[in-house]
Amino acid sequence: MTSTSLPVTAQAAPPDVAAVPAAAEKPARSRRQTLVVVVGLLAAIAVPALTFPAFWLFLAAQVAAYAIATLGLNVLYGRTGQLSLAQATFMGAGAYTGYVLGSQGQAPLVQLLAVVAVSLVVGAVVAVPTLRLSGLRLALVTLAVGELFAWVLVHTSPLTGGSQGANVEPLVIGPLDASVPLFAYLLGLLPALLATALVLHLDRTQLGRRMLLVRDSELAARATGVPIIQTKIVSFLLASVFAGIAGWLYGGINGFVSPPDFNLFASVYLLVAVVIGGARSVLGAWVGAAYIVVLPQVFTALGIPNLYALVGGALLALVALLAPDGLVGLARSAVGRRRRTA
Amino acid sequence: MDGLTQVLAGGVTQGCLYALMLLGVLVVFQVSKVMSFAYGQVGMVAALTAWAVTTVGVPVALALVIGAAAAVLLNGAIDVVAIRRIPTDRVGLDLVVTLGLFLLIAAVMQQLVDSNSHSFPALGADTQTTVLGARISVNDAAVVALAVVVVTGAWLVLSRTSLGTNLRACAEDADIAASTGIDVRALRTGTWAVAGLLAAVVAVAVASRVAVDAFYMTSVLVKVFIAGMIGGLDRFWPPLLAAVGLGVYESLAVATFGADAGVPAVFLLIIVVLSVVPKRFVLDTSEARA
């Protein structure tokens, strides 16, 4: 009896001994991490608001708006594996819905509700016929939808301004007027932070895990009873609503919308942004949004605006080949290596 | 009646251009299991290079040879530098990488030449004769004849020669093909180079009809892909016939509903076709990476 119980005690002891301090440290570490994240977040919000000149604050507002769209593509492509070239189309649907209603004097809340409703409809229209498709076929059909949308925009000039585009009334919600850079920044940032929190929360939900399984293996997903069609539809709808709201904010902040903002190339650049930042990372979506808004300005300031497309193409090919998890993934693995060697 | 003949003639010519380009896409896809979004840009490089060298006094014929050589080298280089490095288990990565190359090639050509549209030499497009009531240009006749000769030649090579057998062996199972002594890598790169030549021929023919810029081949490539999707990328004749049919359909849509109807007609077609065809035709079992 003694001889048999001793080894059991001996085996059980190490985990117990190790577990007690670990369990005690965990909440403390978790609290520290939360505090660091909250302080970092507040600093990230406050620094641009307090220190950026008006032009860069205005760009920061656009980054926030674009981040909502890239977060949507992060859900659709990065998490669910659906290669869509219609993300800019979804953005355009939101932007033009906001423009049309805004020009008729509708309140921002009405605009927002209409943007969400239109985005849901457009997302469903794209999602349902493409549920059976993947890879190139899905890319091609979503591309076709985008080209049709651009065609409709150009050929409905009385409503949309046609190929010349249209001036959009600045978004005004309460005291926040998007024609003032600081307020534009806040108007873009607050929904973007909400979208970020939603996508982060997705990781902890069953839906988020279903998306990952659909991305990695539809066969495995089917075998484990994951409703693939439902998961894909929800993913498309999330991407569409995120992009629609992003487009609405972009129009209200930028003050102008035109078909080239939402054509095939705009969709490709959104994909570039998501892949470069890291298709599976929330931080990557922000990095991608910053890339898409800030880099053209940097090249313009340097007097070489044409290099943006060149660098974009090269980066997309290189990052996709050499760093599948994007710049964020690259940075994380570098930090991990450094910690291991330290 | 004459009007319909004219529309059909124009549609068949356009469809033959799509078929020629699709032939390159099919051969590359079947051997490498890759779809390249940069394929149209390879053709654009040929046409824009040819245009650029004609502006410094090089004769048109030599300029076309230089352009075609550039396309052959570029498409071969794309395989060696990028495509070979794509892991086979990364589904869809070929599309993302070639989208990057698409942007890169366009931007490089904009830097090397410029961002403007240019008129290309007509290459017989302005010399017309009447056949069965339809006005046919020398350029049109050359495109149709070339398409018939090249497609038939390709079919004969694939079905009657040892090279064709090797290519089909690679398409079926590259590992087994390699174990029998076939140089799969060289064969694949050669296929990409030949596809580059086809893209150059089509791009030059298209350039003789429309203005040339860094993106003028994008819509052609999309339509070529659409024909491939409709006909099936792992077959030979059905997608090529679908390409000719797509040209005729587009021409009929433009003749019926006006010049602006071409784009929505084609894109609605692909949406409807891929959405309603039986599921077995849209499964990706043979198109894992694409």
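In what follows, every chain begins at residue 1, and chains take the letters A, B, ... in the order their sequences are listed.
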Any donor-acceptor pair under 3.5 Å linking the side chain of A:Y66 with the backbone of A:G247?
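No, A:Y66 side chain to A:G247 backbone: no donor-acceptor pair under 3.5 Å.
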Evaluation steps, side chain to side chain contact (heavy atoms under 4.5 Å, CB included), between A:R137 and B:I270
CA-CA 10 Å; A:R137 288 192 171 97; B:I270 184 66; over 6 Å; no
Look at B:V108, B:V263, B:D260 and state which one has the largest set of heavy-atom pairs under 4.5 Å with chain A.
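Answer, by heavy-atom pair count under 4.5 Å with chain A: B:D260.
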Do you know which of B:V272, B:I105, B:L99 has the most heavy-atom pairs under 4.5 Å to chain A?
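Among the listed options, the one with the most contacts to chain A is B:L99.
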Counting only heavy atoms closer than 4.5 Å, note whether [X] contacts chain A via side chain, backbone, both or neither.
X: B:I226; answer: both
X: B:S219; answer: neither
X: B:Q111; answer: side chain

Between A:A309, A:A144, A:A314, which shows the greatest number of heavy-atom pairs under 4.5 Å with chain B?
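So the answer, after comparing A:A309, A:A144, A:A314, is A:A144.
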When heavy-atom pairs shorter than 4.5 Å are enumerated against chain B, which of A:V319, A:L271, A:L315, A:L140 gives the highest number?
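Most pairs with chain B among the choices: A:L140.
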Counting only heavy atoms closer than 4.5 Å, note whether [X] contacts chain B via side chain, backbone, both or neither.
X: A:L322; answer: neither
X: A:V311; answer: neither
X: A:L138; answer: neither
X: A:L143; answer: side chain
X: A:Y308; answer: neither

Apply side chain to side chain contact (heavy atoms under 4.5 Å, CB included) to residues B:V28 and B:W192 and explain how you reach the verdict.
CA-CA 6 Å; B:V28 162; B:W192 278 78; 3.5 Å; yes
Between B:M21 and B:F225, is a side chain to side chain contact (heavy atoms under 4.5 Å, CB included) present by the stated rule, with each step listed?
CA-CA 10 Å; B:M21 187 127 180; B:F225 279 174; over 6 Å; no
Return yes when atom CD1 of A:I229 has more than 12 non-hydrogen atoms of other residues, nucleotides or ligands closer than 6.0 Å, and no otherwise.
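12 or below, so no.
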Would you sort out whether B:R185 and B:R84 count as a side chain to side chain contact (heavy atoms under 4.5 Å, CB included), showing the intermediate values?
CA-CA 9 Å; B:R185 282 189 158 199; B:R84 279 185 192 178; 3.7 Å; yes
Contact summary for B:A38 and B:L101, nearest pair of heavy atoms:
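So the two residues come closest at CB-CB, 3.9 Å.
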Can you say whether the rings of B:F215 and B:F102 are parallel (under 30°), tilted (30 to 60°) or perpendicular (over 60°)?
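Rings of B:F215 and B:F102: tilted, as their planes differ by 30° to 60°.
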